[in-house]
Amino acid sequence: MTQAHVPTDWHPASWQSRHAAQQPVYRDRAHLESVLAQLSHLPPIVTTWEVENLKSQLAKAQRGEAFLLQGGDCAESFEECTSDNVVQKLKILLQMSLVMLVGLKKPIIRVGRMAGQYAKPRSADYETNDGVSLPSYRGDTINRPGFTPTDREPDPTLMLRGYERAALTLNFVRSLIDGGFADLHHPENWDLAFVGKSALATEYHKLVQSVSDSLEFFEAISGEPMHETHRVEFFTSHEGLHLPYEQAQTRFLPHRQRWYNLTTHYPWIGMRTADLNGAHVEYFRGVANPMGVKIGTSISDEHLQQLVHVLNPHNEPGRLTLITRFGAKNVNTHLPRVIRAVRATGASVLWVCDPMHGNTETTAEGYKTRRFDNIRAELRSAFRIHQEQGSTLGGVHLELTGENVTECMGGARGLKESDLARAYKSQVDPRLNYEQAMEIAMLIGGRLRTHD
Ligand code: PEP
Ligand code: CO
């Protein structure tokens, strides 16, 4: 890499001279500084080899030669950092990737919203209940969900606890994968106990059988095991929201002559923090990680073109992902517009569809939910529109869980509004449950790509 890739007017703290949206206010500055000093001395969660490997795979997705599956919780919680939870999330992502691999016939890049997805943007700084106003809950690395002044006080120590849990999560994922859990020869490892009864299970097991058969076939004719398929790779991502945390693990790697954020492989900038002059864009333009930006209906063509220019001035392949989240109602109007706007810059990006965040609604009883039909409709439109525009949809960004929750309505089991109360667990956005997530994977692998 040449020196030209490092902006000369940038350093890891240069964002501090810009307006930083969505940040908590810490009362005890000395405590904050001491935590950040500790954080910056800890070993990193990821390495630059992995980060650069992911970037080259994302470059393939950008060219239509691979497909990105990015998924996980809206927000991870400390309480749910358990072996069961990590295994379940890994299982659902592995199962989905297998279904998509067979259907799309291209490599699937697996990325969890995992191992560090702990900070959340909020629409209001304060939450008011029965006349009492307290700071909003901003995710487990910032404050606590309970509605008391102590719970809602931003606590710097939580950043250390979050960093440790991110490391524990990724350590367990790596061990599972290295130990053979993700070996394509043994997809039975990924079965989830309650799935047996599901209608989708039969279809999935048929598919698994056909994968095992083809593996055996290839190995029989080549006389060798398929090493490539033994090693499934898995990457992490989180919203790069809480800038002091992100800055603390930003390092200059002399052998690469570039700065990296080593808290995660693949951070993204949320829709609410993508201001051109804001602190988030300033921070992220200087790090070499591949990165995403969420794109909603309110973005103008000029803003988007500037973002592409500022975040990827050298048009580096795999560097910039645009994650569109317009909603089923608006995707037809806005997606062709933003594809054309980016094309006019001459730069290449990876286009990913997030069919979740533009389709959120609140029921009369106050549940935040999403309709499966809207999620499917936005995804289907995204595939169609990219094709019509001569562009490529290179991935999907989903909020999902391997558990049997009832947070989104619809899907094969036809979950209704009255079902939501049964197993609604999310503190923030509603996730696809296991069956709904598998249904989306099957749709991507099959019918969704056609125009029906
Ligand atoms: C999210 O991904 O959880 C999120 C808040 O998304 P967006 O920035 O697109 O609203
Ligand atoms: Co969300």
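Atoms within a ligand are numbered from 1 in the order they appear, just like the ligands themselves.
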Chemist: I need the nearest protein heavy-atom contact for atom 1 (C) of ligand 1: residue, atom name and distance, please.
Modeler: His357 NE2, 2.9 Å

Chemist: Could you tell me whether Met271 and ligand 1 have an N or O pair separated by under 3.5 Å?
Modeler: yes

Chemist: For the ring pair His11 and Trp259, is the centre-to-centre distance below 6.0 Å?
Modeler: no

Chemist: Would Asp354 count as being in polar contact with ligand 1, using the rule that some N or O on each side must be under 3.5 angstrom apart?
Modeler: no

Chemist: List the closest protein heavy-atom neighbour of atom 6 (O) of ligand 1: residue, atom name, distance to the nearest 0.1 Å.
Modeler: Lys294 NZ, 2.8 Å

Chemist: Minimum heavy-atom separation for Trp10 to Ser14, with atom names?
Modeler: CD1-OG, 3.5 Å

Chemist: Heavy-atom contacts with Cys74 under 4.0 Å: which atoms of ligand 1 show up? List them by number with element.
Modeler: 3 (O)

Chemist: Mind checking whether His280 and Trp15 have ring centres under 6.0 Å apart?
Modeler: no

Chemist: Over 60° means perpendicular and under 30° means parallel, so classify the ring planes of Tyr245 and Tyr163, tilted if in between.
Modeler: perpendicular

Chemist: Consider side-chain contact (heavy atoms from CB on, under 4.5 Å). Of His238, Arg165, Lys89, which one does Glu76 pass it with?
Modeler: Lys89

Chemist: If you count the atoms of ligand 1 from 1 in the order shown, which ones are under 4.0 Å from a heavy atom of Arg113?
Modeler: 1 (C), 2 (O), 3 (O)

Chemist: Looking from the Co ion (ligand 2), what is the angle between OD2 on Asp429 and SG on Cys74, to the nearest 10°?
Modeler: 90°

Chemist: On a heavy-atom basis, I'd like to know which of Lys120, Arg122, Gln22 is closest to atom 3 (O) of ligand 1.
Modeler: Lys120

Chemist: How does Arg325 reach ligand 1, if at all, at less than 4.0 Å between non-hydrogen atoms: by side chain, backbone, both, or neither?
Modeler: side chain

Chemist: Would you say the rings of Tyr137 and Phe147 are close, in the sense that their centroids are separated by under 6.0 Å?
Modeler: no

Chemist: Select one of side chain, backbone, both or neither to describe which atoms of Glu399 lie under 4.0 Å from any atom of ligand 1, heavy atoms only.
Modeler: side chain

Chemist: Between ligand 1 and Met356, can you find any atom pair, the residue atom being a heavy atom, that is separated by under 4.0 Å?
Modeler: no

Chemist: Could you check whether any side-chain N or O of Arg138 sits under 3.5 Å from a backbone N or O of Pro24, counting only pairs where one atom can act as donor and the other as acceptor?
Modeler: no

Chemist: Less than 3.5 Å between some nitrogen or oxygen of Arg272 and one of ligand 1, yes or no?
Modeler: yes

Chemist: Any idea which N/O/S atom from Glu399 gets closest to the Co ion (ligand 2)?
Modeler: OE2

Chemist: Counting each atom of ligand 1 from 1 as listed, which ones have a heavy atom of Gly270 under 4.0 Å away?
Modeler: 8 (O)

Chemist: Using the six-membered ring wherever Trp is involved, compare the ring planes of Tyr26 and His242 and label them parallel, tilted or perpendicular (cut-offs 30° and 60°).
Modeler: tilted

Chemist: Counting heavy atoms only, which part of Pro121 comes closer than 4.0 Å to ligand 1: side chain, backbone, both or neither?
Modeler: side chain

Chemist: Among Arg325, Lys294, His397, Gln70, which residue satisfies the side chain to side chain donor-acceptor pair (under 3.5 Å) criterion with Asp354?
Modeler: Lys294

